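None of these values were measured; they are calculated from a predicted model.
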Amino acid sequence: MCDDAKVYNEKIRPLYARMEPYRSVTQADLTEDEKAKIAVLTAEIRLKSLNVMRKYVEEHPDSYFVISTLRGALAFIPLEEIEQLYNRMEEPVQNSYGGKNVAAFLRNAKGLIPGSVAPEIEGTDINGKIFCLENLKGKYIILDF
């Protein structure tokens with residue numbers, strides 16, 4: 001394990017240690033009150049661990065380990081904040097394999113924000129006709145996946 005990972009894990013470990021009593025328990029063994037308590041604890045731990053991650057990214061913009069911590073939090077952090085954290089990283093980190101993956105995620109996700117221009121989509125409609133989203137510009141459409 002690299003030194004950066006050790007430092008980060010030392011900060012994170014106490015948070016996750018709070019879940020230790022529940023690791024061997026199944027949902028069926030818990031009362032509704034216990035399930036609610038675990039849900040609150042899980043949310044609290046996630047929030048605190050995200051704060052540790054944010055601070056770590058800010059303090060170590062030259063660390064390649066930062067990319068893996070950021071990638072692990074993509075589903076839990078608003079897109080704008082991911083972009084801000086990414087932009088704080090030094091150029092060699094941004095240009096690394098993981099950095100390029102985060103950049104690609106940001107590019108792709110920006111097209112999915114409500115009110116933004118949709119990414120180019122080409123497909124087949126229910127009648128088997130090929131369509132291009134660009135040709136539907138200005139029309140109301142429903143996408144059913």
Margin query: Does Val57 form a side-chain contact (heavy atoms from CB on, under 4.5 Å) with Met89? I'd like the steps, not just the answer.
Written below: CA-CA 8 Å; Val57 170; Met89 294 178 196; 4.3 Å; yes
Salt bridge (charged side-chain N to carboxylate O under 4.0 Å, His left out) evaluation trace for Lys48 with Glu44: CA-CA 6 Å; Lys48 288 182 178 181; Glu44 180 185 332; 3.1 Å; yes
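Within the 3.5 Å criterion, the main-chain N or O of Asn127 finds a donor-acceptor partner in the side chain of Asp125. Glu34 contributes a side-chain N or O that, together with a main-chain N or O of Thr31, makes up a donor-acceptor pair within less than 3.5 Å. Side-chain atoms of Glu83 do not come within 3.5 Å of backbone N or O of Leu106 as any donor-acceptor pair.
In terms of heavy-atom proximity, Ile12 sits nearest to Ser49 at CD1-CB, 3.5 Å. The minimum heavy-atom distance between Val93 and Tyr64, with the atom names listed, is CA-CE2, 3.8 Å. Closest approach of Ile45 and Arg18 over heavy atoms only: CD1-CB, 4.2 Å. Residues Arg88 and Pro61 share a closest heavy-atom pair of O-CB, 3.1 Å. Closest approach of Ile67 and Gly99 over heavy atoms only: CD1-CA, 3.6 Å.
For Glu58 and Lys55, the salt-bridge test fails: no basic side-chain N is under 4.0 Å from an acidic carboxylate O. Using a cut-off of 4.0 Å between Lys/Arg side-chain N and Asp/Glu carboxylate O, Lys11 and Glu59 are scored as salt-bridged.
Scored by the ring pair (Phe, Tyr, Trp, His ring centres under 6.0 Å) test, Tyr56 finds Tyr8, His60 as partners (sequence neighbours excluded).
Taken from CG in Asp33 to CD1 in Ile38, the straight-line distance is 11.5 Å, to the nearest 0.5 Å. Annotation: the span from Thr42 atom OG1 to Lys37 atom NZ amounts to 11.5 Å, rounded to 0.5 Å. To the nearest 0.5 Å, atoms NZ (Lys100) and CG (Asn95) are separated by 6.0 Å. Atom CZ of Phe131 sits about 11.0 Å away from atom CD1 of Ile126, to the nearest 0.5 Å. Rounding to the nearest 0.5 angstrom, the gap separating the CG atom in Leu30 from the NZ atom in Lys35 is 6.5 Å. The line from OG of Ser24 to CG of Asp29 is 9.0 Å long, rounded to the nearest 0.5 Å.
Contact check for Glu81 versus Pro78: side-chain heavy atoms found under the 4.5 Å cut-off. Side chains of Val66 and Tyr86 form no contact here, defined as non-hydrogen atoms less than 4.5 Å apart.
In the hydrophobic clustering of this structure, Val52 groups with Leu41; members are Ile, Leu, Val, Met, Phe, Trp, Tyr whose side-chain heavy atoms approach within less than 4.5 Å, directly or through other members. When the side chains of ILVMFWY residues are joined at heavy-atom separations under 4.5 Å, either directly or via intervening members, Met53 and Met19 end up in a single hydrophobic cluster. Using a 4.5 Å cut-off between side-chain heavy atoms of Ile, Leu, Val, Met, Phe, Trp and Tyr, with links allowed through other members, Leu47 and Leu70 fall into different hydrophobic clusters.
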